[in-house]
Amino acid sequence: MVVALLTDFGSKDGFVGAVKGVILSFNPSATLVDITHEVEPFNILEGSLILKAHYRYFPKGTIFLCVVDPGVGSERKALALTGGDYTFVGPDNGIFDLVVQDLENSVRVFSIENPKFMLPRINSTFHGRDVFAPAVGLLSRGLPPQELGPEINYTKRLNFPAIEKQGRFLVGEIIYFDRFGNAITNIPCGEYKRALFRDLDLRIVDHFLQGKEGELCCVCGSFGFLEIFVREASAKDMYGIVKGEKIKVELIS
Amino acid sequence: MVVALLTDFGSKDGFVGAVKGVILSFNPSATLVDITHEVEPFNILEGSLILKAHYRYFPKGTIFLCVVDPGVGSERKALALTGGDYTFVGPDNGIFDLVVQDLENSVRVFSIENPKFMLPRINSTFHGRDVFAPAVGLLSRGLPPQELGPEINYTKRLNFPAIEKQGRFLVGEIIYFDRFGNAITNIPCGEYKRALFRDLDLRIVDHFLQGKEGELCCVCGSFGFLEIFVREASAKDMYGIVKGEKIKVELIS
Amino acid sequence: MVVALLTDFGSKDGFVGAVKGVILSFNPSATLVDITHEVEPFNILEGSLILKAHYRYFPKGTIFLCVVDPGVGSERKALALTGGDYTFVGPDNGIFDLVVQDLENSVRVFSIENPKFMLPRINSTFHGRDVFAPAVGLLSRGLPPQELGPEINYTKRLNFPAIEKQGRFLVGEIIYFDRFGNAITNIPCGEYKRALFRDLDLRIVDHFLQGKEGELCCVCGSFGFLEIFVREASAKDMYGIVKGEKIKVELIS
């Protein structure tokens with residue numbers, strides 16, 4: 001069974017190792033895969049977005065452990081969600097908003113409350129290790145999620161920037177930068193007549209090499225959204241793009 | 001069998017991949033888990049601390065390969081330690097001081113000397129790959145550690161900062177910063193009346209959200225020590241904390 | 001079957017996770033090992049060098065997925081190479097030049113063209129996930145590489161800096177810096193009388209601790225090349241070394 005991990009723990013302090021140690025203590029045959037541990041600290045929205053971009057590429061049955069958790073130890077619930085042949089485990093703080101939106105009708109949500117399925121001593125700063133990891137280990141061995149605690153309703157918690165329709169245009173914004181400095185928008189891939197950004201009319205191209213040196217272009221990117229790029233360079237650095245900047249695309253029909 | 005790796009090799013150069021390639025050449029069914037490869041270069045004490053913080057969360061039987069090794073190729077010995085149902089492999093430079101202190105009576109130490117269990121060509125700059133990885137691969141397949149070389153005594157090599165009792169107070173210091181900028185002290189978690197840092201009387205709280213915005217607080221942290229934090233921010237950056245700064249806690253009774 | 005991954009995807013955005021999800025969807029029992037994902041963006045030569053340094057340490061049969069791919073989505077071919085009991089999958093842009101040079105006579109090259117072995121929807125910015133990962137998953141389950149597409153000839157594409165023989169001397173240059181700040185040259189390890197760098201006559205030593213504090217020395221390094229180092233410090237930072245700087249060694253006989 002694949003267990004995929006997404007956190008803001010970073011790679012230096014060994015926190016991810018401890019989480020994996022606990023999962024393997026409960027299920028020695030789990031296959032562990034890292035999605036990322038470099039989510040900006042406390043940035044739930046960013047974690048939510050990266051999860052949304054990639055989860056569908058994992059095998060059916062994959063369990064996702066997602067911990068960006070500034071409220072660890074407080075009254076916020078711990079969740080196990082099922083939906084679309086996947087299971088998601090993590091804090092009730094919005095990190096699952098985008099996948100719940102994707103999978104809406106199939107989603108069931110359970111509040112992890114049964115101390116029988118947690119480590120005997122719970123540190124209030126590290127539920128990833130002491131609460132979530134045991135749940136994930138046991139789920140990956142076949143524990144039904146309803147054993148973990150009562151079924152509840154999902155409550156959305158993030159204000160994910162929405163796109164707006166203005167006549168023949170969609171207006172969106174820059175929501176993320178990837179490692180290459182590509183500026184990812186919240187406008188889904190699709191057929192558009194043109195893209196307007198700042199005072200520029202950007203070419204929408206099929207792949208990166210169609211951009212000219214230094215030219216700001218648009219492409220359907222790896223996150224499933226339109227993204228702004230410069231060929232073999234960082235659009236972010238070269239043009240000083242910042243999150244929240246608007247982009248406008250004209251619909252074909 | 002789980003093999004957990006802790007090094008200062010970083011993630012860019014491929015050194016960790018080569019080590020894993022060798023381990024899997026000796027034992028294709030080993031389960032490899034990274035603790036960290038981002039130990040500050042040559043910082044044995046930091047490696048020792050991260051190992052100590054997390055090793056108990058791994059399954060019994062786990063083999064830890066720990067390589068922070070500025071003396072690679074010199075006369076320093078190569079060690080395989082057993083204790084507490086774990087095995088530890090790495091250089092004889094103090095990196096195991098803290099786990100040996102933890103596991104004291106159960107520890108046995110072997111000096112890895114038998115060239116039969118090393119790669120045929122040993123590069124004097126990369127024993128992680130050429131000496132330690134073969135040993136780990138073979139141990140994970142059941143080779144008894146005494147086959148690797150003679151049993152020896154363990155010699156402590158680090159001066160890990162000690163806490164000091166002054167009447168009703170314990171005096172410790174900042175020894176590490178985690179990725180979130182939390183300042184980890186060498187004072188073990190416990191019940192304390194108050195914590196004094198610089199000229200501040202810090203609140204000792206149960207979890208991060210009990211801190212107020214910008215307030216420096218204390219909590220029992222993920223390393224098992226008291227740590228100083230600022231809610232959803234970096235205590236290190238916001239207050240310019242440096243390693244070695246003193247902290248004083250008052251005992252309850 | 002071991003699948004080893006080398007990319008310039010970085011560790012933050014989740015791209016590597018998506019690639020692994022796809023591989024595991026095709027072959028749930030693949031053993032995934034990261035070589036690096038921190039190749040400098042678009043730096044094919046650097047990826048080529050790191051692959052060359054480490055691939056021989058992996059078990060026979062290992063499949064290497066290597067994606068540094070600024071031309072993704074363009075007309076550049078997708079390759080599966082076999083040679084020396086290994087398989088290599090990635091773009092036709094020179095990333096395999098150095099291993100092909102190593103394995104020359106045993107190498108066979110296939111152009112991945114059969115859409116039956118790709119994801120149904122191919123994003124032109126992410127062939128790592130949509131084209132290469134399915135191929136790797138299937139190859140690791142035993143698909144013969146000729147099923148992927150026609151056999152072709154390999155074309156070298158990089159200008160890897162060559163060493164030059166000048167009488168009793170070899171002249172090479174700095175080609176890479178590792179995480180410790182060691183300056184790796186393109187001069188293969190061997191017996192040399194002396195090493196000349198800038199106006200210095202560098203000692204060639206057996207291991208790092210033979211260097212004195214602050215002294216620039218030479219050693220046979222972990223990449224299999226001579227490297228310039230400073231004991232427990234960064235030669236790069238301490239001496240401001242840059243890529244392309246020349247180094248000259250005198251042959252013994």
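In what follows, chains carry the letters A, B, and so on, assigned in the order in which the sequence lines appear, proteins first and then strands, with residues in each chain numbered from 1. Predicted model only: the values in this text are computed from it and were never measured.
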K.L.:
Is chain B contacted by the side chain of C:Y55, its backbone, both, or neither, given a heavy-atom distance below 4.5 Å?
P.N.:
neither
K.L.:
Could you tell me whether the side chain of B:T125 reaches within less than 4.5 Å of the side chain of C:F229, counting heavy atoms only?
P.N.:
no
K.L.:
Is the backbone of B:S11 close enough, under 3.5 Å, to the side chain of C:T36 for a donor and an acceptor to pair up by distance?
P.N.:
yes
K.L.:
Heavy-atom pairs under 4.5 Å with chain C are the metric here; pick the option from B:G17, B:A133, B:G14 that has the most.
P.N.:
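The candidate making the most pairs under 4.5 Å is B:G14.
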K.L.:
Checking an interface table here. Which of residues 67-77 of chain B come within a heavy-atom distance under 4.5 Å of chain C?
P.N.:
B:P70, B:G71, B:V72, B:G73, B:S74
K.L.:
For the interface with chain B, which of C:I35, C:V2, C:V39, C:T62 has the highest count of heavy-atom pairs at distances below 4.5 Å?
P.N.:
C:I35
K.L.:
What pair of heavy atoms forms the shortest contact from C:H54 to B:A18, and how long is it?
P.N.:
ND1-CB, 3.6 Å
K.L.:
I'd like to know whether CG of C:D201 has more than 12 heavy-atom contacts from other residues, nucleotides or ligands below 6.0 angstrom.
P.N.:
yes
K.L.:
Does C:K212, at its NZ atom, have more than 12 non-hydrogen atoms belonging to other residues, nucleotides or ligands within less than 6.0 Å?
P.N.:
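Open: at most 12 neighbouring heavy atoms sit under 6.0 Å from NZ of C:K212.
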K.L.:
Residue by residue, scan residues 213-221 of chain C and write down, ordered by number, those that have a heavy-atom distance under 4.5 Å to chain B; if none do, write 'none'.
P.N.:
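Counting heavy atoms that sit under 4.5 Å from chain B, the residues of residues 213-221 of chain C involved are C:V219, C:C220, C:G221.
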K.L.:
Among C:S234, C:A233, C:A4, who wins on heavy-atom pairs under 4.5 Å with chain B?
P.N.:
C:A233
K.L.:
With a 4.5 angstrom heavy-atom cut-off, could you sort out which part of C:T31 is near chain B: side chain, backbone, both or neither?
P.N.:
side chain
K.L.:
Closest heavy-atom contact between C:P59 and B:G21?
P.N.:
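For C:P59 versus B:G21, the nearest heavy atoms are CD-O, 3.5 Å.
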K.L.:
Tell me, with the steps shown, if B:D130 and C:Y57 meet side chain to side chain contact (heavy atoms under 4.5 Å, CB included).
P.N.:
CA-CA 10 Å; B:D130 300 342; C:Y57 292 93; 4.1 Å; yes
K.L.:
Enumerate by number any residue of residues 177-191 of chain C whose heavy atoms lie under 4.5 Å from heavy atoms of chain B; in the absence of such residues, state 'none'.
P.N.:
C:F177, C:D178, C:R179, C:F180
K.L.:
Please classify the contact between B:H37 and chain C as side chain, backbone, both or neither, with a heavy-atom cut-off of under 4.5 Å.
P.N.:
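The backbone, not the side chain.
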K.L.:
Is it the side chain or the backbone of B:L119 that comes within 4.5 Å of chain C heavy atoms, both, or neither?
P.N.:
side chain
K.L.:
Show me the donor-acceptor pairs, under 3.5 Å and distance only, between side chains in residues 44-53 of chain C and residues at least two apart or in other chains.
P.N.:
unit_1: C:E46; atom_1: OE1; unit_2: B:K12; atom_2: NZ; d: 3.4
unit_1: C:E46; atom_1: OE2; unit_2: B:K12; atom_2: NZ; d: 3.0
unit_1: C:E46; atom_1: OE2; unit_2: C:E40; atom_2: N; d: 2.9

K.L.:
Using 0.5 Å steps for rounding, measure from the CE atom of C:M1 to the CG atom of B:L24.
P.N.:
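Answer for the CE-CG pair, C:M1 versus B:L24, is 12.5 Å.
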K.L.:
Tell me, for B:D34 versus chain C, whether the close heavy atoms (under 4.5 Å) come from the side chain, the backbone, both or neither.
P.N.:
neither
K.L.:
Does any backbone or side-chain atom of B:F15 lie under 4.5 Å from a heavy atom of chain C? Answer side chain, backbone, both or neither.
P.N.:
both
